[in-house]
Number of protein chains: 2
Amino acid sequence: MLDFNEIKAGDGSLTSRVYAVLERDILDGVYPDGTSLTESRISSELNVSRTPVREALFRLEQEGLVSIVHNKGAVVRGVSSDDIRDIYTLRMQIEGLASRWAAERGTPEQLQKMREILELERFYAQKGDVQQSRNLDSVFHAALYEASGSSPLRRTLSAYHSYIGRARERSFGHGDRPLVSVSEHERILDAVCAHDGDLAEALTREHIKNALESFLAAMEAIS
Amino acid sequence: MLDFNEIKAGDGSLTSRVYAVLERDILDGVYPDGTSLTESRISSELNVSRTPVREALFRLEQEGLVSIVHNKGAVVRGVSSDDIRDIYTLRMQIEGLASRWAAERGTPEQLQKMREILELERFYAQKGDVQQSRNLDSVFHAALYEASGSSPLRRTLSAYHSYIGRARERSFGHGDRPLVSVSEHERILDAVCAHDGDLAEALTREHIKNALESFLAAMEAIS
DNA sequence: TGGGATTGGATTGTATACAATCATACAATT
DNA sequence: AATTGTATGATTGTATACAATCCAATCCCA
């Protein structure tokens, strides 16, 4: 919580770093649901002024992780497992579109990049490196969004990704999900490269459905 | 552009009002795509300090209407008609889910509220009041999102709504869209109240598809 | 003439000071 | 005793001052 200087987010601004710290701490449960985040406390804990803290809180509100009410401040809005279930269902609908559009609109360079990511992904999955597998899973999906050529779709799905980040972490190590996931990615990419939008969409829906079931299984294992 | 004091957004904070002014001006084309929004100019134009302007710009970035790069500032990212087309397609996918979930999870109070909104909507549509019809169209959809009981879904669809706001305005007056739209709403709500998720979803997809075609027709009429 | 440093103005990033608002406790009144 | 009013401390909202950065024009020197 106090390793503020280790976090070097995106553009290097204090706002981004404060944002990254708060996002991580909220998703990690350091600040449970309902916790009120007072600006002065955070700013003194992180040794920055209130200004970047305020701006970070604004971004967190847009992300949906806190809710801010005028003259009252920010309170944490935890990520419920119902939310996560809903997001997986939403992703089933629109991530299929991403694959379809990638098949229809993706440039050769974009598809090539996905192929390279996928090769790395398989390498780490077979090596059993869960951490790297999970990272590359995210990278692959991000590349897919990019290849869809639709900024509204990219924005929506990217927002979901960070929102359900911790849930993905927990469920990704469950069973042999990394290897299965890579295989599914390969079939999706093959369909995309063959410009078969229907197949790509169907495979992707199946992929997300499997990820959801993996998540539910991981939840089950905890309780 | 200078009627700042007339705009009274949500919570009455300066940040909200600046946000509302800038959003309106961007969507109205006062600031075309690529315009760089300098904080000091806006703050002096609106007679506020840079602080609320900065915060408003942050919100606009999350909304997707501007993009901010570190140490360089904010530039307008216009809403292309490709973006709008994509959003309608996305809505076809997930707004159907909203109806399905409303049918499955909606409380009697929520459905009752939708019914009341719809009666008003029909009243104004038959009266030929396009302005009010369009407002109530928004209100109806917002009530639908609420009844879905899913905050991720509500957040996503609400964001789309403001993003394509101007496009909806332009296309809503096209032909007899208000009356047709009310009829479609009525059939959707009937299905929701009958807890027929499948039908509600199908009707909603059709409804969005028709709205998209109305938009495309309106675009055609302009060019 | 061309290319690379430099310097000045403009703009953003951060800190801090001040004003407005809210929440709590306590006192006064009925 | 309940309620209303009021004072006080804490917290947020806004303004402003200062630091860091960027950009473009200029200058210098080969």
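Both backbone and side-chain heavy atoms feed into the values below; hydrogens, waters and symmetry mates do not. Chain identifiers are assigned alphabetically (A, B, ...) following the order of the sequence lines, protein sequences preceding nucleic acid strands; residue numbering begins at 1 within each chain.
Residue B:Thr51 is classed as a base contact, given a heavy-atom separation below 4.0 Å to a base. Residue B:Leu37 is classed as a sugar-phosphate contact, given heavy-atom separations below 4.0 Å to backbone atoms only.
Looking at the side chain of B:Ser49, the nearest of the listed nucleotides D:dA15, C:dA15, C:dT12 is D:dA15. The nucleotide whose nearest atom lies closest to any side-chain atom of A:Val48 is, among D:dG13, D:dT12, C:dA15, C:dA15.
One atom, CZ of A:Arg50, and another, C1' of D:dA10, lie 11 Å apart when rounded to the nearest Å. As rounded to whole Å, 11 Å separates atom P of C:dT11 from atom CD of B:Glu39. Rounding to whole angstrom units, CZ of residue B:Phe58 and P of C:dT12 are separated by 12 Å.
Remark: B:Phe172 pairs with no residue by the ring pair (Phe, Tyr, Trp, His ring centres under 6.0 Å) rule, at least two apart or across chains. Qualifying salt bridge (Lys or Arg N to Asp or Glu O under 4.0 Å) partners for A:Arg105, counting only residues two or more places apart in sequence or in other chains: B:Asp86. For A:Arg177, the salt bridge (Lys or Arg N to Asp or Glu O under 4.0 Å) partners at least two apart in sequence or on another chain are A:Glu184.
For residues 65-83 of chain B, the set of pairs meeting the salt bridge (charged side-chain N to carboxylate O under 4.0 Å, His left out) definition, not counting sequence neighbours, comprises B:Asp82-B:Arg85. The side chain to side chain donor-acceptor pair (under 3.5 Å) contacts involving residues 87-103 of chain A comprise A:Arg91-A:Glu95, A:Glu95-A:His141, A:Glu95-A:Tyr145, A:Ser99-A:Thr204, A:Arg100-A:Asp198, A:Arg100-A:Glu201, where partners must be two or more places apart or lie in separate chains.
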Grab the N/O contacts between the protein and nucleotides 22-24 of chain C below 3.5 Å, and write none if there aren't any.
from	atom 1	to	atom 2	distance (Å)
C:dA23	OP1	A:Lys72	NZ	3.2

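When the side-chain nitrogen and oxygen atoms of A:Arg54 are compared with OP1 and OP2 of D:dT12, none of them lie within a distance under 4.0 Å.
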